[in-house]
Amino acid sequence: MSEFIPTFDAEKIEKKWQEIWYNGDYFKAADFSEKEKYYALVEYPYPSGIGMHVGHIRAFLSMEVISRKRRMEGKNVLFPIGFDAFGLPTENYAIQTQIHPRIITDRNIATFKSQLRSAGFSFDFSRIVDTTDPEYYKWTQWIFLKMFEHRLAYKDIAYVNYCPSCKVILSNEESQGGKCDRCDSNVVQMEKTVWFLKITEYADRLLEGLNELESNNRIRTEQEKWIGKSKGAYIHFPVADSDASLKVFTTRPDTIYGATFMVIAPEHPLLETFHNRIQNIKEVHRYQEQAKMKSEFERIELAKDKTGVKLEGLYAVNPLTGENIPIFISDYVMITYGTGAIMAVPAHDTRDYEFATKFGLDILEVIQGGDITKEAYTDIEGGILVNSPVINGLQVKDAINTIIEYLVDHNIGEAATQFKMKDWAFNRQRYWGEPIPIIYCDDCGIVPVPYEDLPVELPMVEKFMPTDTGESPLANIEEFVNCTCPKCGKSAKRETDTMPQWAGSSWYFLRYMDPHNKERFASEELLNYWNRVDWYNGGMEHVTRHLIYSRFWNQFLYDIGEVPFQEPYKKRTAQGLILGEDNEKMSKSRGKVINPNDIISEFGADTLRTYVLFISDYEMSTPWNESGVKGARRFLDKVWRLFPNVVRSKTTYTKALEKAIHQTIDGVTSDIENLKFNTAIAKLMTLTNEFGKAEAISLKDYETLIRLLYPIAPHICEELWNQLGHDDLLVFEPYPIADPKKMVDEEVTVVISINGKVKDKVEVDANITNQELQDVAVKRERIQSLIQGQVIVKVIVVPKKLVNIVVK
RNA sequence: GCGGUUGUGGCGGAAUGGUAGACGCGCUGUCUUCAGGCGGCAGUGUCCUAGUGACGUGUGGGUUCAACUCCCAUCAACCGCACCA
């Protein structure tokens, strides 16, 4: 045992313990251990050149604290980390600097790793996954091929954002506001055949699976909204004087008698079918052209103002009334949703109302309860059906059921369900991504790369620049493109598009269970042992796409018998953002990023960790405050300075502190489990202050404080633990347990109020009866003088809390 | 527009319907010091006649003996979705 140094030298002790931790196997998850497993997951970072920022620290810290606590609780903890390293920033930087993305990625990962260690994270660094490692993306490609085999991966036409000036296809993020991110020219929509994953086939199960996922309201509803299920009906409207019919989707089949016109999307095939019968086809074509020119952005921006063209000479027939009704083409109807056609019921739909008003169309009331001369009446609770022979007098809900039965009986429609979620466009025209393992053969068509030929490796070339045709950079690399067909052996060409960045992250949590397996993405035994992620924390921004995509992949792997559980995560939480000191979002461009390294070198990692957890409620956004950091450091200094006051020979709790200690254990434990780190730390500060006031503290008092603080500030605790003479590390020391019997107060302060206003306080025995307490309260001198001359109407006694005297 | 979340001191933020402002930052006074820093002690919502005084949790109502907390309305900020039929 070295001599105790009165000043807390963070830098020195942090280096010392990090070396011991990381050189030993202290944080290694033990496969098949007898202990109960616990799998804590954080979203693996993108290893950018700037390295780690305080946002990462906050994001990782919750599961870091939980993992450290779980180890003390005797669990076999899997707390892994890895890198989502494919992606645009690296590729763009590579183009700029002419350094290969492989080199940049390796460099960035090395930096990130050392930063994680200097913050003292207890990750199992032996399980690091890197999505750009062929040993990893081999399995990303393998899963893709499995999906292809099961017809969940297919090719179809899609519209992509294309910059005519840069000749590059842009992601949505790169084309915000309809402008190209790099050259600011207008982005146009270009048709392209691309890969899709049929996630819509899983829509219902992704929705149902939410019942297996513990999360807050916000996380749940964002996913529900994203999936966007709605129930209704398909209805077939015959086209007058033809055999054809127009199929629409509606959630309100009950309003069918009020359908006074039809609207179809500009891309609807009906326009082609009845090309010859539409008298104003030129005008229609002109409108189609205009709609096509509009970018997604413009269509949304101009949403308020309805436009459209009536199809002259073509009518639909309302199948219930037999009446002819006009058909319009308008871009407020989307070809990508439902059937791309609607029955318009202006009296009971706001959008149709706007359109009808603008074009002077009939508005027919079929539900009573509103005033349709002013606005559409869309309420579904109160209204009663009118002007609707089959369903008159019914309420909306009953009317819907009745009319669907009627539609089915008369063969004009059926119940139907629609989702907002669309199939997942699964490719990018980029170099730095997983190659899609597909070969095109003139004779055999689309041929999957045989499983045994995986991985299809990215060629390590110098030409990773974008092409000038909107194709992937890989298209220019002949030795990559040219290959032989695995089926017929003739010369063939490889797919040159790569997968989107979401691919690798859709299954990384599975790889962590068995990261070095060469035979399988993870062995069945280990998938069974580690099983579902017990707790997954990450950003709110990934709650829709990443969470849904990864749940989709997992469900698919479950279906084909490769994974033993349907839902991958048991519980999902999300940290709040750390904003700049000006309350603005921290942005790299404005140089407002707080670098955690600066804080660590000035105050230490323990201080950084404590402050980041103390700054606010973990799930809320909050501004960074530099001076607040000092407070965290001051707290740790205080804990350090208590050391000389510890009476080593005294191994029981100090009587005067015992109650406070048990209350603190209890509070801190539940606060941590509920992500209330700020109040947990506040409780530890309070206890520390009490220890400071005490004449002396016992060994047990102090050791309990250290154990409680350890998950939050591990270095200082490990050092103090060691200074107390312990040879073993604190890592696996048991976490304190509160004794509820020792938490109760013997004496309590009771507040006495008159008409709800606090007027007096009194110390009483905690076990006093309500009647005794009431008597004591009323007899108080001060109370007597205040209620003199008034009548006591009522007295409310809340045991151990207050007495309220109601007077008149 | 729809959905969700949040509004509390100078600041970050605490409060199972029961003492509003825990804990921390900052600030004021004071002690230690040659001085600064560190540390200790006391104070720090607003107002006044300075008191176990009145008022006070975005705003306006309501329920209750009692409301930051529950209900209704309203305003603001942030996040998500956005002509989804």
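Labels below follow one simple rule: chain letters A, B, ... track the order of the sequence lines, proteins then strands, and each chain is numbered from 1.
OP1 or OP2 of B:G24 has not a single side-chain nitrogen or oxygen of A:Asn678 nearer than 4.0 Å. Taking only side-chain nitrogens and oxygens, A:Lys794 comes nearer than 4.0 Å to OP1 or OP2 of B:C65. The phosphate of B:C79 (OP1 or OP2) has no side-chain N or O of A:Ser621 nearer than 4.0 angstrom. A close approach under 4.0 Å does not occur between any side-chain nitrogen or oxygen of A:Asn216 and OP1 or OP2 of B:U5. Contact annotation: A:Asn689 reaches the phosphate of B:G24 (side-chain N/O to OP1 or OP2, under 4.0 Å). For the pair A:Lys757 and B:C65, the criterion of a side-chain N or O lying under 4.0 Å from OP1 or OP2 is not met.
When the C1' atom is compared between B:U44 and B:G10, the two are found 11 Å apart, to the nearest whole Å. For the P atom pair drawn from B:G1 and B:G12, the interatomic distance equals 29 Å after rounding to whole Å. Distance check on atom P: B:G56 versus B:G21 gives 15 Å, rounded to whole Å. Going from the P atom of B:U16 to that of B:U63 covers 25 Å, rounded to whole Å. Rounded to the nearest Å, the gap between the P atom of B:G61 and that of B:A67 is 14 Å. For the P atoms, the distance linking B:U28 with B:C78 amounts to 34 Å, nearest Å. Comparing B:U74 with B:G7, their C1' atoms sit 14 Å apart, to the nearest whole Å. Comparing B:C23 with B:U30, their P atoms are spaced 25 Å from each other, to the whole Å.
Residue pairs satisfying the salt bridge (charged side-chain N to carboxylate O under 4.0 Å, His left out) criterion with at least one member in residues 677-692 of chain A, sequence neighbours excluded, are listed as follows: A:Asp671-A:Lys683.
For A:Phe249, the side-chain atoms get nearest to B:A85 when compared with the rest of B:G18, B:A85, B:A15. Taking every side-chain heavy atom of A:Tyr337 into account, B:A85 is the closest of B:G3, B:A85, B:G13. Nearest nucleotide to the side chain of A:Val751, out of B:C23, B:U19, B:G18: B:U19. Nearest nucleotide to the side chain of A:Lys759, out of B:A54, B:G18, B:G12: B:A54. Of the candidate nucleotides B:G18, B:C83, B:A85, B:C83 has the atom lying nearest to any side-chain atom of A:Asp331. When distances are taken from the side chain of A:Asp760 to each of B:G3, B:C23, B:U52, the shortest belongs to B:U52. The side chain of A:Lys306 approaches B:C83 more closely than any other nucleotide in the set B:C83, B:A85, B:A14.
A donor-acceptor contact under 3.5 Å links the side chain of A:Lys761 to the base of B:U19. In this model, no side-chain donor or acceptor of A:Lys420 finds a partner on the base of B:C81 within 3.5 Å. Checked by distance alone, A:Arg782 brings a side-chain donor or acceptor within 3.5 Å of a matching partner on the base of B:U52.
In summary, the side chains of A:Tyr234 and A:Gln418 do present a donor paired with an acceptor at a separation below 3.5 Å, with no hydrogens or angles considered. Between A:Tyr536 and A:Ser550, the side chains place no donor N or O within less than 3.5 Å of an acceptor N or O (distance only, hydrogens not considered). No hydrogens or angles considered: nothing links the side chains of A:Lys794 and A:Asn804 as a donor-acceptor pair under 3.5 Å.
Using a 4.0 Å heavy-atom cutoff across all strands shown, A:Met343 reaches no nucleic acid atom at all. The residue A:Leu802 sits close to a base: some heavy atom pair falls under 4.0 Å. Here A:Ser753 lies out of heavy-atom contact (under 4.0 Å) with every strand. A:Met540 comes within 4.0 angstrom of no nucleic acid atom, judged by non-hydrogen atoms across all strands. Contacts of A:Val758 with the nucleic acid, taken as non-hydrogen atoms under 4.0 Å apart, involve only primed sugar atoms and P, OP1 or OP2.
Rounded to whole Å, the distance from CZ on A:Phe603 to C1' on B:C25 is 12 Å. Rounded to whole Å, the distance from CZ on A:Phe635 to P on B:C25 is 12 Å. Nucleotide B:U5 holds its C1' atom 6 Å from the CZ atom of A:Arg218, rounded to whole Å. One atom, CG of A:Leu684, and another, C1' of B:A14, lie 15 Å apart when rounded to the nearest Å. With rounding to whole Å, A:Glu354 atom CD is found 12 Å from B:G1 atom P. Straight-line distance from the CZ atom of A:Phe614 to the C1' atom of B:G13: 8 Å, rounded to whole Å. Look at CD1 on A:Ile787: it is 16 Å from C1' on B:U52, rounded to the nearest Å. Regarding A:Ile752, its CD1 atom lies at a distance of 17 Å from the P atom of B:U52, rounded to whole Å.
Salt-bridge annotation for A:Arg782 and A:Asp760: absent, with no side-chain N of the basic residue lying under 4.0 Å from a carboxylate O of the acidic one. Between A:Arg218 and A:Glu222, at least one side-chain N (NZ, or NE/NH1/NH2) sits under 4.0 Å from a carboxylate O, which counts as a salt bridge.
Between A:Ile367 and A:Arg252 there is a side-chain heavy-atom pair separated by less than 4.5 Å. Under the 4.5 Å side-chain criterion, counting only non-hydrogen atoms from C-beta, A:Phe237 is in contact with A:Met262.
Nucleotide B:G9 carries a syn base; the chi torsion (O4'-C1'-N9-C4 or O4'-C1'-N1-C2) is within 90° of 0.
Among A:Leu613, A:Ile615, A:Ile672, the single residue meeting the side chain to side chain contact (heavy atoms under 4.5 Å, CB included) criterion with A:Ile681 is A:Leu613. For the ring pair (Phe, Tyr, Trp, His ring centres under 6.0 Å) test with A:Phe8, the passing option among A:Trp640, A:Phe643, A:Phe603 is A:Trp640; the others fail.
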- Message: For Watson-Crick and G-U wobble pairs within 3.5 Å on both distances, what is RNA chain B written in dot-bracket notation, | included for inter-strand pairing?
- Response: (((((((..(((.....[....)))((((((.......))))))((((..).)))..(((((..]....))))))))))))....
- Query: Tell me, for nucleotides 35-45 of chain B in 5' to 3' order, what letter each nucleotide earns: B for a base near a protein heavy atom under 4.0 Å, S for only sugar-phosphate near one, - for neither?
  - Reply: ----S------
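Atom CD of A:Gln788 has 12 or fewer heavy atoms from other residues, nucleotides or ligands within 6.0 Å.
With hydrogens and angles disregarded, no donor-acceptor distance shorter than 3.5 Å links the side chain of A:Arg220 to the backbone of A:Ser215.
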- Query: What do the steps show when you test A:Lys247 against A:Glu414 for salt bridge (Lys or Arg N to Asp or Glu O under 4.0 Å), and what is the final call?
  - Reply: CA-CA 11 Å; A:Lys247 184 181 175 188; A:Glu414 71 236 80; 5.6 Å; no
